[in-house]
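Below you'll find the structure, written out as C-alpha cells, and then a few comments.
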Amino acid sequence: QEKGSTFLQLGSSTEQQLQVIFEVLEEYDWTTFAVLTTLLPGHEDFVGYVEVLTDSSFIGWEHRGVLTLNLTEDPGGTRLRRQLREVSAQIRLLYCSRDEAELIFLAARDAGLTGPGHIWFVVGTNLGGSDRLPQHL
C-alpha cells in the first residue's frame with residue numbers, strides 16, 4: 001500500500017444480487033423457484049424483496065414458497081435434509097451466511113440435491129473471504 005492511498009472494498013447489496021439473479025432466471029426461462037433462508041439478520045427483507053420483484057414483473061413467476069431453516073435446533077442435520085428434500089422446485093434461492101451455507105450444502109449433497117438438475121443461487125453479504133471453497137459448496 002502506498003503512502004496516502006486508501007483501500008475500499010464494496011459489496012453488492014442483497015437487492016442488487018437478487019436483481020442480477022432474476023435477470024439470469026428470466027434469460028434462461030427458469031420461472032419456477034423456491035426461497036430458502038436461515039434466521040440470518042435480513043432474511044425477512046430478502047423474502048420481501050423477492051416478493052417485490054415477482055409481483056412487479058410481467059413474467060409469470062411460480063414462487064413455490066419460503067422455507068426458513070433453523071440450523072441451531074438440528075445438530076445432526078436430519079431435519080435439514082428432510083426439509084430440503086421437500087422443496088419441489090429445482091431452482092432454489094438461498095439467503096444465509098457462509099458458515100450456514102457450508103452446513104446447508106453438506107446436507108443438500110447428502111440428500112442428493114446438488115447434482116445435475118439442481119440449481120442454487122446463494123445470496124448474502126458475507127459469503128466471500130476465502131481463496132478456497134469447501135468441496136461440497
Side-chain angles (χ1 to χ4, degrees):
Q1 186 175 29
E2 294 182 31
K3 189 172 190 159
S5 67
T6 302
F7 177 75
L8 177 64
Q9 182 176 357
L10 298 174
S12 59
S13 69
T14 300
E15 292 88 357
Q16 290 169 325
Q17 292 177 52
L18 279 171
Q19 286 172 344
V20 171
I21 289 169
F22 273 88
E23 287 177 18
V24 171
L25 294 175
E26 181 181 349
E27 180 69 26
Y28 286 95
D29 198 27
W30 294 336
T31 57
T32 303
F33 65 91
V35 172
L36 290 80
T37 72
T38 61
L39 298 172
L40 181 70
H43 72 279
E44 292 167 339
D45 295 330
F46 173 78
V47 171
Y49 199 72
V50 168
E51 290 173 0
V52 166
L53 283 172
T54 55
D55 291 347
S56 64
S57 175
F58 63 91
I59 306 232
W61 299 108
E62 186 180 338
H63 186 314
R64 294 212 176 154
V66 176
L67 174 61
T68 302
L69 306 167
N70 186 342
L71 304 178
T72 59
E73 296 178 4
D74 188 25
T78 305
R79 183 177 56 183
L80 176 58
R81 286 188 296 278
R82 180 183 49 78
Q83 287 178 308
L84 291 174
R85 278 190 214 103
E86 291 174 357
V87 176
S88 62
Q90 290 180 313
I91 297 171
R92 295 168 176 89
L93 308 180
L94 173 62
Y95 179 81
C96 64
S97 71
R98 181 182 174 83
D99 292 338
E100 292 169 332
E102 291 185 36
L103 293 172
I104 292 167
F105 277 100
L106 181 60
R109 185 196 66 190
D110 292 346
L113 301 172
T114 58
H118 299 280
I119 301 166
W120 293 78
F121 290 94
V122 184
V123 178
T125 56
N126 58 353
L127 294 171
S130 176
D131 294 336
R132 186 186 67 79
L133 289 176
Q135 185 177 16
H136 54 272
L137 190 60

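Just the heavy atoms: all of them, side chains too, but no hydrogens, waters or symmetry mates, feed the values below.
Rounded to the nearest 0.5 Å, atoms CD (Gln83) and CG (Leu67) are 5.0 Å apart. Between Thr72 atom OG1 and Glu100 atom CD the span is 9.5 Å, to the nearest 0.5 Å. Taking CG of Leu94 as the start and CZ of Phe121 as the end, the distance is 12.0 Å to the nearest 0.5 Å. Between the CD1 atom in Ile119 and the OG1 atom in Thr114 there is a gap of 13.0 Å [rounded to 0.5 Å]. The distance from atom CG of Leu71 to atom CD1 of Ile104, rounded to the nearest 0.5 Å, is 5.0 Å.
Listed by chain and residue number, Glu62 satisfy the salt bridge (charged side-chain N to carboxylate O under 4.0 Å, His left out) test with Arg64 (two or more places apart in sequence, or in another chain). Every residue was checked against the side-chain contact (heavy atoms from CB on, under 4.5 Å) condition with Asp45, not counting sequence neighbours, and none meets it. Judged as a side-chain hydrogen bond (donor to acceptor under 3.5 Å, both in side chains), and not counting sequence neighbours, the contacts of Gln19 are Tyr49. For the side-chain hydrogen bond (donor to acceptor under 3.5 Å, both in side chains) test, no residue two or more places apart in sequence or in another chain qualifies with Trp120. Checked against side-chain hydrogen bond (donor to acceptor under 3.5 Å, both in side chains), Thr54 has no partners two or more places apart in sequence or in another chain. Every side-chain contact (heavy atoms from CB on, under 4.5 Å) that His63 has, sequence neighbours left out, goes to Phe33, Val35, Val50, Val66. Listed by chain and number, the residues in a salt bridge (charged side-chain N to carboxylate O under 4.0 Å, His left out) with Glu86 are Arg82 (sequence neighbours excluded). Partners of Glu44 under the side-chain contact (heavy atoms from CB on, under 4.5 Å) rule, at least two apart in sequence or in another chain, do not exist in this structure. Partners of Ser57 under the side-chain hydrogen bond (donor to acceptor under 3.5 Å, both in side chains) rule, at least two apart in sequence or in another chain, are Trp61.
Taking each heavy atom of Val122 and Gln17 in turn, the nearest pair found is O-OE1, 4.3 Å. Summarising the geometry of Phe46 relative to Leu36, their closest heavy-atom pair is CE2-O, 4.4 Å, with the distance given to 0.1 Å. Taking each heavy atom of Cys96 and Leu40 in turn, the nearest pair found is C-CD2, 3.4 Å. Looking at every heavy atom in both residues, Leu103 comes nearest to Leu80 through O-CD2, 4.0 Å. Nearest approach of Leu113 to Arg85, heavy atoms of both residues: CD1-N, 3.8 Å. Minimum interatomic distance between Thr31 and Gly60 (heavy atoms only, all atoms of both residues): CB-O, 3.8 Å.
Within 6.0 Å of atom CD in Gln90, 12 or fewer heavy atoms from other residues, nucleotides or ligands are found, so the atom counts as exposed in its surroundings.
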Please tabulate, one pair per line, all N/O donor-acceptor pairs under 3.5 Å involving side-chain atoms of residues 20-30, not counting sequence neighbours.
none

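Looking only at atom types and distance, the side chain of Thr68 has no donor-acceptor partner in the side chain of Asn70 under 3.5 Å away.
Both Ile59 and Leu93 are members of a single hydrophobic cluster when ILVMFWY side chains are connected at heavy-atom separations under 4.5 Å.
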